[in-house]
Amino acid sequence: YYRACSVLVFSAASLTDLYDGRLARSGGRVTEFGRFMDPLADKILVTSALVALAIARIVHAWLVIPIVIRDVIITSMRMYGLYRGRMMETSTLAKWKTVMQMIAVVMKSIRLALLR
């Protein structure tokens, strides 16, 4: 039951992330705050799920550690750029990377929920 609920919660969080970006762009309500916070929220969502899967020994830690290190480096670069008055744009490739990570977490969680 708890595993199925975790799949639903993570899936809902991922879908709301997708729709809030589309809603902001379609309504012309894109802000500097949103352009910084949205990728940060994505990183927190994916990283927390991956770390939880690693702690539960569902995925290997050596797969999660480079992802976490990369996200910390990128976030630090974004914060430094913001401090210097330059907003670092999120590339299309980075957006697709996040989508693929979210899909991978959902698929792994569904598999886990069905097997146990």
Side-chain angles (χ1 to χ4, degrees):
Y1 171 76
Y2 293 113
R3 290 187 176 127
C5 287
S6 70
V7 171
L8 291 175
V9 168
F10 185 85
S11 298
S14 298
L15 289 173
T16 57
D17 174 62
L18 172 73
Y19 289 118
D20 81 324
R22 285 187 179 180
L23 186 64
R25 283 187 297 278
S26 71
R29 295 182 295 264
V30 176
T31 63
E32 293 293 319
F33 179 77
R35 286 186 11 200
F36 178 78
M37 289 304 293
D38 187 61
L40 180 62
D42 294 344
K43 285 175 180 40
I44 291 170
L45 176 66
V46 171
T47 299
S48 62
L50 290 174
V51 168
L53 291 171
I55 288 172
R57 297 181 187 262
I58 296 165
V59 298
H60 295 285
W62 64 267
L63 292 170
V64 175
I65 291 170
I67 295 169
V68 173
I69 290 171
R70 179 209 174 270
D71 285 348
V72 168
I73 291 169
I74 296 296
T75 301
S76 299
M77 290 170 55
R78 291 176 61 83
M79 290 176 69
Y80 180 72
L82 193 61
Y83 172 75
R84 302 281 294 176
R86 298 181 184 166
M87 176 60 79
M88 193 169 136
E89 294 291 325
T90 304
S91 70
T92 302
L93 184 60
K95 291 176 184 179
W96 277 105
K97 178 223 29 121
T98 301
V99 169
M100 296 311 292
Q101 286 177 331
M102 289 178 177
I103 290 170
V105 169
V106 168
M107 297 306 289
K108 184 67 175 177
S109 300
I110 288 172
R111 183 172 182 259
L112 179 67
L114 292 176
L115 290 179
R116 292 187 183 189

Hydrophobic cluster identity match, Met88 and Tyr80, side-chain contacts under 4.5 Å: no
Once you round to the nearest 0.5 Å, how far does CE of Met77 lie from CZ of Arg86? 12.5 Å
Is it the case that atom CE in Met79 sees more than 12 heavy atoms from other parts of the structure closer than 6.0 Å? no
Please name the pair of heavy atoms, one in Ala54 and one in Ala61, separated by the smallest distance, quoted to 0.1 Å. CB-CA, 4.3 Å
Rounded to the nearest 0.5 Å, what's the gap from CE on Met37 to CG on Leu40? Could you check? 5.0 Å
Let me confirm one number: the CH2-CD1 distance from Trp96 to Ile103, rounded to the nearest 0.5 Å. 7.5 Å
Which atom pairs, donor and acceptor, lie under 3.5 Å between side-chain atoms of residues 14-22 and protein residues at least two apart or in another chain?
from, atom 1, to, atom 2, distance (Å)
Ser14, OG, Phe10, O, 3.0
Thr16, OG1, Ala12, O, 3.1
Thr16, OG1, Ala13, O, 2.9

Listed by chain and number, what are the side chain to side chain donor-acceptor pair (under 3.5 Å) partners of Asp71, not counting sequence neighbours? Thr47
Counting distance only, does the side-chain N/O of Ser6 pair as donor-acceptor with the main-chain N or O of Arg3 below 3.5 Å? yes
Just verifying a value: how many Å separate Asp42 CG and Lys95 NZ, rounded to the nearest 0.5 Å? 10.0 Å
Taking the side chain as every heavy atom from C-beta outward, state whether Arg35 and Thr90 have any atom pair closer than 4.5 Å. no
Kindly compute the distance separating CG (Asp38) from NZ (Lys43), expressed to the nearest 0.5 Å. 9.5 Å
Ile74 with Val64, same ILVMFWY side-chain cluster at under 4.5 Å: no
Grab the two heavy atoms, one from Pro39 and one from Gly34, that are nearest each other, plus how far apart they are. CD-O, 4.1 Å
Going only through I, L, V, M, F, W and Y residues with side-chain contacts under 4.5 Å, is there a path from Ile44 to Phe36? yes
Nearest heavy atoms of Glu89 and Arg78, plus distance in Å: C-NH1, 4.3 Å
Single hit among Val51, Leu112, Leu53, Val105 for side-chain contact (heavy atoms from CB on, under 4.5 Å) with Val59: Leu53
Count I, L, V, M, F, W, Y as connected when their side-chain heavy atoms are under 4.5 Å apart, and connections chain through other members. Are Leu50 and Ile110 then in the same cluster? yes
When you compare the side chain of Leu45 with that of Met102, does any pair of heavy atoms fall below 4.5 Å? yes
May I ask whether Ile69 and Val46 are part of the same hydrophobic cluster, defined by side-chain heavy atoms of I, L, V, M, F, W, Y residues being less than 4.5 angstrom apart, directly or through others? no
